[in-house]
Structure formats: C-alpha cells, structure tokens
Amino acid sequence: MKATLVQAKLGLDDLRDALVKTQRKLDAERSELLTVRRRKEMALAIKDAETVAVAERYEKQHEQLVALLEEKIAVQTREVAIGEHEVEEMKAEIRKAQMGAPASARAPLDDPLDDPLEDHTETNAREELDALARARARSDRDADADKRLEELKRRMGK
C-alpha cells in the first residue's frame, strides 16, 4: 500500500505540473490574442483592409485556442482535486491499518523512510526513478556501442 501511495503522489505531481504548463500556454495565448487585436485596431485606423482580414483570421484562431485551454484547465483542475482526494483517502487507510496492526507488526513512525505519510517517501521514490532512468540510459548507451562495434566489425570484415 505504501508503494501505491508513493505512485499516487508522483501521479499527482505530474498532474499539477501539467496544469502549470497549460496555464503558461493559456497566458501566452492570451498575450498573442491581445497583440493580434492591437494590430487589428492599428490596421483599422489606417484603413488597411488586407491586414485587418489577416488579423481577424488570427484573432479567431487565438480566441478558439484560449477557449480550449480554459476548458482544459478546468478539467485538469478537477483532475488534481480528485487526485488529492484519493491521496488523502489512501493516507487515512494507511493510518487505520497502522493503528489496527499489532505493535510488533507496525512500522516505526520515528523513522521517516518507513513512514509513507512523510514527504521523504516521495523524494525516495523520485531518487529510485532517477536511478532507474540512469540505468536504462546506461543500458541504451551500451547497446548502441555494441551495435556500432558490430557494424564496424562487419565493415572491416568486408
């Protein structure tokens, strides 16, 4: 159950990161929309019909994208809220299980590495994931080197 909690916390972090990225995209799109509208107004002021037409086309595109990103943020916000609720439920279940277990079977709560409710578990999980990623990258590099070596041997053998 501890591992599931760690995975849920990591998933929740990913959801939060995605929400922040979407918010940044929305901010950029709103900025672009304001720029297009400003250019459209300047083109209207000098009666440049061609530039006005182009600006109107881009204005519609940016408005649609802003609306879409706003909807996406609303969905992602609800998704984060659901994830937070699920993590809190998992924590409560773990607390109940720890309180109901015999004292000898319970993990010592003074050791932060064994307590799934401490923030250290997330850090440890990230460290484990980073170590796995490094190991995989090393393995990929080794495989690539072996492949290149075989290709070189094949070429020299001809």
Side-chain angles (χ1 to χ4, degrees), residues 1-98 107 109 111-149 151:
M1 186 129 186
K2 290 179 185 181
T4 304
L5 178 60
V6 170
Q7 290 299 319
K9 283 183 172 184
L10 291 174
L12 187 57
D13 285 344
D14 290 343
L15 291 174
R16 287 181 181 133
D17 290 344
L19 179 59
V20 168
K21 287 178 185 176
T22 303
Q23 185 62 50
R24 285 186 190 136
K25 286 181 186 177
L26 176 61
D27 292 343
E29 268 313 304
R30 284 180 175 158
S31 176
E32 287 294 319
L33 180 58
L34 290 175
T35 301
V36 167
R37 286 179 176 164
R38 189 173 52 250
R39 288 178 180 163
K40 177 181 158 188
E41 291 301 316
M42 291 182 346
L44 282 170
I46 62 170
K47 298 180 184 183
D48 183 353
E50 185 178 340
T51 303
V52 170
V54 170
E56 286 175 344
R57 187 179 75 216
Y58 283 108
E59 182 180 28
K60 285 180 185 177
Q61 288 176 354
H62 288 292
E63 285 173 342
Q64 290 172 347
L65 194 50
V66 164
L68 179 68
L69 289 170
E70 288 171 342
E71 290 174 26
K72 185 175 180 178
I73 285 174
V75 170
Q76 286 177 320
T77 301
R78 288 193 304 266
E79 193 174 19
V80 166
I82 289 170
E84 288 171 344
H85 179 72
E86 288 176 355
V87 166
E88 290 304 315
E89 284 181 348
M90 292 171 97
K91 285 180 181 180
E93 287 178 24
I94 289 174
R95 282 188 194 108
K96 284 180 188 176
Q98 286 179 337
L109 294 179
D111 183 0
L113 297 176
D114 292 338
D115 185 4
L117 305 179
E118 292 289 323
D119 288 338
H120 299 288
T121 57
E122 188 173 309
T123 303
N124 290 338
R126 287 209 184 272
E127 288 172 0
E128 287 179 35
L129 289 173
D130 289 344
L132 287 172
R134 286 190 302 272
R136 181 174 182 188
R138 187 179 321 111
S139 173
D140 289 345
R141 284 192 308 268
D142 289 347
D144 185 51
D146 289 342
K147 179 180 163 188
R148 288 181 181 197
L149 181 60
E151 178 66 23

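Atom set for the values below is all heavy atoms of this structure, side chains included, hydrogens, waters and symmetry mates excluded.
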Q. So how far is it from Thr51 OG1 to Leu44 CG, rounded to the nearest 0.5 Å?
A. 10.0 Å
Q. What's the shortest heavy-atom distance between Ala55 and Val36, and which atoms?
A. O-CG1, 3.2 Å
Q) At what distance, to the nearest 0.5 angstrom, does CG of Leu15 lie from CG of Leu10? A) 11.0 Å
Q | Value rounded to 0.5 Å, distance of OG1 in Thr4 from CD in Glu93 | A | 10.0 Å
Q) So how far is it from Leu19 CG to Arg24 CZ, rounded to the nearest 0.5 Å? A) 10.5 Å
Q: Check the pair Glu59, Arg39 against side-chain contact (heavy atoms from CB on, under 4.5 Å), reporting the backbone distance first and the verdict last.
A: CA-CA 10 Å; Glu59 182 180 28; Arg39 288 178 180 163; over 6 Å; no
Q | Electrostatic pair Lys91-Glu88, nearest N-O below 4.0 angstrom | A | yes
Q.
Any carboxylate oxygen within less than 4.0 angstrom of a Lys/Arg side-chain nitrogen, looking at Glu84 and Arg16?
A. yes
Q | Min side-chain heavy-atom separation Val52-Glu56 under 4.5 Å | A | yes
Only distances under 3.5 Å count here; give the side-chain donor-acceptor pairs of residues 26-34 to other protein atoms, sequence neighbours excluded, each with its distance to 0.1 Å.
unit_1 : atom_1 : unit_2 : atom_2 : d
Asp27  : OD1    : Gln23  : NE2    : 3.1
Glu29  : OE1    : His62  : ND1    : 2.5
Arg30  : NH2    : Glu70  : OE2    : 2.6

Q. How many angstroms lie between CD in Glu63 and CD in Gln61, if you round to the nearest 0.5 Å?
A. 10.5 Å
Q. Distance from Asp146 atom CG to Arg141 atom CZ, nearest 0.5 Å?
A. 13.0 Å
Q) Among all residues two or more places apart in sequence or in another chain, which pass the salt bridge (Lys or Arg N to Asp or Glu O under 4.0 Å) test with Asp144? A) Arg148
**Q.** Close side-chain approach of Lys9 to Val6, heavy-atom, < 4.5 Å
**A.** no
Q: With the side chain counted from C-beta on, respond yes when His85 and Ile82 share a heavy-atom pair under 4.5 Å apart, and no when they do not.
A: no
Q | Sub-4.5 Å side-chain heavy-atom contact between Gln76 and Lys72 | A | yes
